[in-house]
> 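Sharing a structure here in structure tokens format.
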Amino acid sequence: MRIGMALNYSGGFKETVAELADYERAGLDIVFVAEAYSFDAVSQMGYIAARTERLEIASGILPIYSRTPTLLAMTAAGMDYVSDGRFTLGLGASGPQVIEGFHGVPYTAPLGRTREVVEICRQVWRRERLTYAGKHYTLPLPPEQGTGLGKPLKLINHPVRPRIPIVVAAIGPKNVELTAEIAEGWEPIFYVPEKAGEVWGPSLAAGRARRDPSLGPLDTIAQAALAIGDDVQGLLELGRGMAALYIGGMGAKGRNFYNELARRYGYEKEAEQIQDLYLEGKKQEAAALVPQELLEKMSLIGSEGFVRDRIQALKESGVTTLNVTPLAGTHEERLRLVEKVRDLAA
């Protein structure tokens, strides 16, 4: 099981990256850099590549709508080059509020676009002359849609690797099925190992049945807050606000994927109440309704024995990369947490 960590995109980036070399020495395997409506992730990942030696670097995630497929491929190839083959391309659909609100692009056909983006990226990395006739992307652009001067081109540079690993962030049944079919890795959110088989098992099985064996086993990436001790239970409360934001505020009524996931976990009543309160601006009241059980099962917060048992549950459910958020007051304490979870996972 690899140990990963996500970098916060809301501030203090240079300070965090300055500490990454220490995390690298502590055994951290991979770092994920998010891109919401924040600074772009690519410039930050390039900075990380220059400041680290062994650590793998992943976008977590680049939205499929805000760049053309070929630019995504070029960006991934460039990142793989500057990192000496340490890059993973994390992709996702984001949501309509961000894509249409911040980027001004229609949020249409996320499944079809994801498949076509992945196929185009791999064609670019193989340095084939790029011709593609899809439902959503056609390359070169047909004459009736432009000047008619488009030519089939191939990437000038020779990529470090002809196939860069692709991870797709997915939680909906059809999206998870697609991910299991075409991607090297799958990144769900709010992962509860006891519920994973019930919620995602059929989708994963259907996708794996069509999976190209050359892709290898699906890397399943779960996220969890981490604190180990006999007096850390109160740190669970730190997750309430974020859970309420996603379950209640990341999407409109009927178009909130995280709310739907909470319902599929069996929290139908709570999910509805959290969303109603959050959309009314009652964020604290919404956070108070996030089920304690959900916070506990998504976390690695508790005694060493509890954390060891939770890691085992994650492994048994199929998790192969554990993305942790170490919760402690000092850098040294956070390093010790990473070292400890690495040992427990081993």
Side-chain angles (χ1 to χ4, degrees), residues 32-37 40-42 58-77 79-80 87-100 102-126 128 130-139 163-191 199-200 202-212 214-221 250-251 255-258 260-261 321:
F32 290 78
V33 182
E35 183 175 277
Y37 39 100
D40 78 289
V42 179
S59 53
I61 48 94
L62 297 183
I64 59 171
Y65 293 94
S66 53
R67 296 170 176 87
T68 65
T70 42
L71 179 56
L72 284 167
M74 293 164 62
T75 299
M79 271 303 310
D80 209 42
F87 181 65
T88 292
L89 177 59
L91 297 172
S94 186
Q97 289 186 322
V98 173
I99 298 306
E100 296 187 356
F102 196 68
H103 295 290
V105 177
Y107 189 86
T108 58
L111 287 173
R113 289 182 185 278
T114 298
R115 181 184 292 278
E116 293 188 13
V117 165
V118 169
E119 291 174 350
I120 292 168
C121 281
R122 288 177 176 152
Q123 193 174 343
V124 170
W125 299 332
R126 292 192 299 266
E128 298 174 2
L130 191 55
T131 60
Y132 190 86
K135 183 176 179 180
H136 308 288
Y137 302 102
T138 303
L139 302 167
R163 194 178 74 209
I164 295 166
I166 292 176
V167 167
V168 177
I171 55 177
K174 291 296 184 183
N175 210 352
V176 171
E177 180 178 335
L178 176 70
T179 300
E181 178 190 350
I182 68 171
E184 279 87 357
W186 168 48
E187 186 179 8
I189 194 172
F190 299 154
Y191 189 90
V199 171
W200 290 307
S203 297
L204 290 170
R208 284 179 171 131
R210 298 189 299 274
R211 185 176 180 83
D212 184 338
S214 69
L215 290 172
L218 183 69
D219 180 22
T220 298
I221 303 160
M250 283 288 193
R255 290 300 301 273
N256 182 322
F257 311 126
Y258 314 101
E260 292 171 12
L261 177 60
T321 297

> Listed by chain and number, what are the side-chain hydrogen bond (donor to acceptor under 3.5 Å, both in side chains) partners of Arg67, not counting sequence neighbours?
Glu35

> Taking side-chain hydrogen bond (donor to acceptor under 3.5 Å, both in side chains) as the definition, give me every residue that meets it alongside Thr131, ordered by chain and number, with sequence neighbours left out.
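With sequence neighbours excluded, Thr131 shows a side-chain hydrogen bond (donor to acceptor under 3.5 Å, both in side chains) to no residue whatsoever.
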
> List for me each residue that meets side-chain hydrogen bond (donor to acceptor under 3.5 Å, both in side chains) alongside Thr138, sequence neighbours excluded, and say none if there are none.
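Here no residue qualifies.
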
> Output all residues satisfying salt bridge (charged side-chain N to carboxylate O under 4.0 Å, His left out) with Arg126, sequence neighbours left out; order by chain, then residue number.
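Scan of Arg126 (salt bridge (charged side-chain N to carboxylate O under 4.0 Å, His left out), adjacent residues dropped) gives Glu128.
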
> Could I get the full list of side-chain hydrogen bond (donor to acceptor under 3.5 Å, both in side chains) partners for Thr321, not counting sequence neighbours?
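For Thr321, the residues satisfying side-chain hydrogen bond (donor to acceptor under 3.5 Å, both in side chains) (neighbours in sequence not counted) are Arg2, Asp219.
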
> Can you tell whether the side chains of Glu184 and Arg122 come within less than 4.0 Å, N to carboxylate O?
yes

> One thing to verify: whether Glu181 and Arg210 come together as a salt bridge, which I'm taking to mean a side-chain N less than 4.0 angstrom from a carboxylate O.
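Glu181 and Arg210: salt-bridged.
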
> Arg113 side chain to Thr108 main-chain N or O, any donor-acceptor pair under 3.5 Å?
yes

> Of the non-hydrogen atoms in Phe32 and Gly60, which two are nearest, and what is the gap between them?
CD2-CA, 4.4 Å

> Please tell me whether Tyr132 and Gln123 have a donor and an acceptor in their side chains that are separated by less than 3.5 angstrom.
no

> I'd like to know if the side chain of Ser203 reaches the main chain of Glu177, judged simply by a donor and an acceptor atom lying under 3.5 Å from each other, with no hydrogens or angles considered.
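No: the side chain of Ser203 does not pair with the backbone of Glu177.
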
> Tell me, please, which residues at least two apart from Arg255 pass side chain to side chain contact (heavy atoms under 4.5 Å, CB included).
Pro96, Tyr107

